[in-house]
Amino acid sequence: MEKFVEQTLLYDFYGELLTEHQRSVYEDAVLNDYSCTEIAQERGISRQGVHDLIRRCDRILRGYEEKLHLVERFLKIRGKVEEIQERAEEPETVRALSREILEEL
């Protein structure tokens with residue numbers, strides 16, 4: 001999975017578990033595509049401090065995913081729903097996939 005997509009998914013699922021400061025800096029870096037230098041100047045902190053904070057947030061978010069697997073489950077279910085859409089003409093396949101989805105939930 002592309003790093004940006006992974007970061008945004010992890011942030012969507014677990015971002016609220018970060019502190020306000022962590023969320024703000026992470027959003028600026030990942031979602032708003034600001035450089036570490038821009039963020040550092042805006043907040044009056046060092047560029048290295050911003051870089052370290054972003055890396056720490058990445059580790060924290062990945063840690064939540066390793067424990068909870070919410071993104072993994074979401075992607076698996078989304079894949080099954082996409083398959084259902086592709087196979088809407090095959091009732092048995094749709095039934096089997098829908099059973100799998102219900103079991104996942």
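Atom set for the values below is all heavy atoms of this structure, side chains included, hydrogens, waters and symmetry mates excluded.
For Arg23, the salt bridge (Lys or Arg N to Asp or Glu O under 4.0 Å) partners are Glu20, not counting sequence neighbours. By the side chain to side chain donor-acceptor pair (under 3.5 Å) test, Glu38 is found to be paired with Ser35, residues two or more places apart in sequence or in another chain being considered. Every side chain to side chain donor-acceptor pair (under 3.5 Å) that Glu27 has, sequence neighbours left out, goes to Tyr11. Remark: Lys76 engages no residue in a side chain to side chain donor-acceptor pair (under 3.5 Å) (not counting sequence neighbours). Judged as a side chain to side chain contact (heavy atoms under 4.5 Å, CB included), and not counting sequence neighbours, the contacts of Asn32 are Asp28, Tyr34. With sequence neighbours excluded, the residues forming a salt bridge (Lys or Arg N to Asp or Glu O under 4.0 Å) with Glu83 are Arg87, listed by chain and number. Residues passing the side chain to side chain donor-acceptor pair (under 3.5 Å) test with Ser24, sequence neighbours excluded: Arg43.
With a 4.5 Å cut-off on side-chain heavy atoms, Leu31 and Tyr26 do not count as touching. Annotation: side chain of Glu6 is not in contact with side chain of Glu2 (no heavy-atom distance under 4.5 Å).
Residue pairs meeting the ring-ring contact (aromatic ring centres under 6.0 Å, His included) criterion with at least one partner in residues 71-91, sequence neighbours excluded, are Phe13-Phe74.
We find the CD1-CD1 distance between Ile77 and Ile101 to be 7.0 Å, quoted to the nearest 0.5 Å.
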Tell me which donor-acceptor pairs under 3.5 Å the side chains of residues 59-66 have, and how far apart each pair is, sequence neighbours excluded?
{"from": "Glu65", "atom 1": "OE1", "to": "Tyr14", "atom 2": "OH", "distance (Å)": "2.6"}
{"from": "Glu65", "atom 1": "OE1", "to": "Leu70", "atom 2": "N", "distance (Å)": "3.2"}
{"from": "Glu65", "atom 1": "OE1", "to": "Val71", "atom 2": "N", "distance (Å)": "3.0"}
{"from": "Glu65", "atom 1": "OE2", "to": "Val71", "atom 2": "N", "distance (Å)": "3.4"}
{"from": "Glu65", "atom 1": "OE2", "to": "Glu72", "atom 2": "N", "distance (Å)": "3.0"}

Name every donor-acceptor pair, under 3.5 Å, that has one atom in a side chain of residues 47-54 and the other anywhere in the protein, sequence neighbours excluded.
{"from": "Gln48", "atom 1": "NE2", "to": "Asp52", "atom 2": "OD1", "distance (Å)": "2.8"}

